[in-house]
Amino acid sequence: MLITIDGPSGVGKGTVARIIAEKLNIKYLDSGAMYRALALYADLNNIKEDDTEKLKKLLIDIHIQFIKNEDGEDKVLLNTDDVTDEIRTNEISKLASKYASIEIVRGILREMQKRMIRNKDYVAEGRDMGTYVFPEANFKFYLDADPYIRAERRALQLKEMLGIKFNIEKILNEINERDNLDKTRELCPLHPAEDAIIIDTSNLNVNEVVDEIYKKVK
Ligand code: DC
């Protein structure tokens with residue numbers, strides 16, 4: 001069983017994919033976390049997007065793992081470091097989008113993703129899971145929502161996480177910027193697969209989205 005969930009940033013794919021995986025008792029792949037970990041590593045090592053030689057070497061050295069710690073929490077390991085929180089900053093969001101447009105980066109990450117999932121049951125979440133990486137998936141979903149609503153959700157999430165009130169217009173600008181990068185890049189641009197079920201989540205809560213996906217898959 002392979003289910004893909006794609007869509008733009010801030011649409012709630014991660015939350016939904018995680019719940020679906022739990023309900024079906026199968027694994028969950030957060031492909032965006034891989035792009036984020038790679039961006040963090042490249043940034044720490046001062047490797048620019050256009051430095052192909054250094055990037056090639058980095059891609060050989062890099063080892064990304066998803067594990068559960070003793071408390072059952074999901075953690076992202078970059079080589080042996082826990083980078084779970086570090087990869088969620090705004091800075092890394094922007095950088096990840098940039099590195100994600102580079103051919104060798106996508107090539108290597110795609111191979112890693114295929115290796116992780118091979119012969120196992122998975123919910124894979126990202127931008128190109130149903131279109132380019134796993135076109136053979138049993139079920140493909142594409143979640144979308146109005147950018148302003150995505151910005152509002154993100155602001156609420158940040159307020160809950162950090163207790164700080166963020167400017168929605170600023171978040172909206174960032175969302176539009178990332179949408180633009182993800183949708184207009186030459187390689188594997190974000191778009192729904194031809195056979196994807198498209199769900200507009202603008203007026204749905206998490207449970208309603210989960211129900212819709214779960215009913216179809218069941
Ligand atoms: O889903 P996310 O926000 O964690 O993803 C971070 C960036 O990684 C996103 O802006 C684009 C890129 N990405 C991608 O190009 N392909 C994927 N399958 C997942 C993420």
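Computed from heavy atoms alone, side chains included, the values below leave out hydrogens, waters and symmetry copies. Counting starts at 1 for both ligands and their atoms, following the listed order.
Taking CD of E125 as the reference point, atom CD1 of I20 lies at 12.0 Å (rounded to 0.5 Å). To the nearest 0.5 angstrom, I62 atom CD1 is 6.5 Å from N79 atom CG. Summarising the geometry, atom OG1 belonging to T52 is positioned 7.5 Å from atom CD1 belonging to I102; distances are rounded to the nearest 0.5 Å. If you take CZ on R106 and CZ on R185, they are separated by 4.0 Å, rounding to the nearest 0.5 Å. Taken to the nearest 0.5 Å, the CG atom of L78 stands 8.0 Å off from the CG atom of L44. The line from CD of E49 to CG of L95 is 7.0 Å long, rounded to the nearest 0.5 Å.
Residue R36 has at least one heavy-atom neighbour below 4.0 Å for each of these atoms of ligand 1: 2 (P), 3 (O), 4 (O), 6 (C). Every atom of ligand 1 is numbered from 1 in the order shown, and the set under 4.0 Å from a heavy atom of G126 is 18 (N), 19 (C). The contact set between ligand 1 and D128, taken as ligand atoms under 4.0 Å from a residue heavy atom, comprises 16 (N), 17 (C), 18 (N). Heavy-atom proximity to M129, at under 4.0 Å, picks out these atoms of ligand 1: 18 (N). Those atoms of ligand 1 that come under 4.0 Å of a heavy atom in A100, given as number and element, are 12 (C), 15 (O). Less than 4.0 angstrom separates some heavy atom of R185 from each of these atoms of ligand 1: 14 (C), 15 (O).
Using a 4.0 Å cut-off between charged nitrogen and carboxylate oxygen, R18 and D74 count as a salt-bridge pair.
Side chains of K159 and I164 form no contact here, defined as non-hydrogen atoms less than 4.5 Å apart. Between P8 and D144 there is a side-chain heavy-atom pair separated by less than 4.5 Å. For the pair Y41 and D61, the minimum side-chain heavy-atom distance is below 4.5 Å.
V206 and I198 are members of different hydrophobic clusters when ILVMFWY side chains are connected at heavy-atom separations under 4.5 Å.
Among protein heavy atoms, atom 10 (O) of ligand 1 sits closest to S97 OG, 2.9 Å. Protein heavy atom in closest approach to atom 3 (O) of ligand 1: R178 NH2, 2.6 Å. Given atom 11 (C) of ligand 1, the protein heavy atom at minimum distance is D182 OD1, 3.5 Å. Annotation: atom 19 (C) of ligand 1 to nearest protein heavy atom, S31 OG, 3.4 Å. Counting protein heavy atoms only, atom 7 (C) of ligand 1 is closest to A96 CB, 3.8 Å.
Remark: ligand 1 and S9 share no N or O pair separated by less than 3.5 Å (distance only, no angle test). Considering backbone and side-chain atoms together, Y35 places no N or O closer than 3.5 Å to any N or O of ligand 1. Residue contacts with ligand 1: S93 is placed with no nitrogen or oxygen under 3.5 Å of a nitrogen or oxygen of the ligand (distance criterion only). In terms of polar-atom proximity, R127 is counted as a contact of ligand 1, with an N or O under 3.5 Å from an N or O of the ligand.
In this structure, R106 has a heavy atom closer than 4.0 Å to ligand 1. Residue contacts with ligand 1 do not include M34, since none of its heavy atoms lies under 4.0 Å from the ligand.
Counting heavy atoms closer than 4.0 Å to ligand 1, residue L190 contributes nothing at all.
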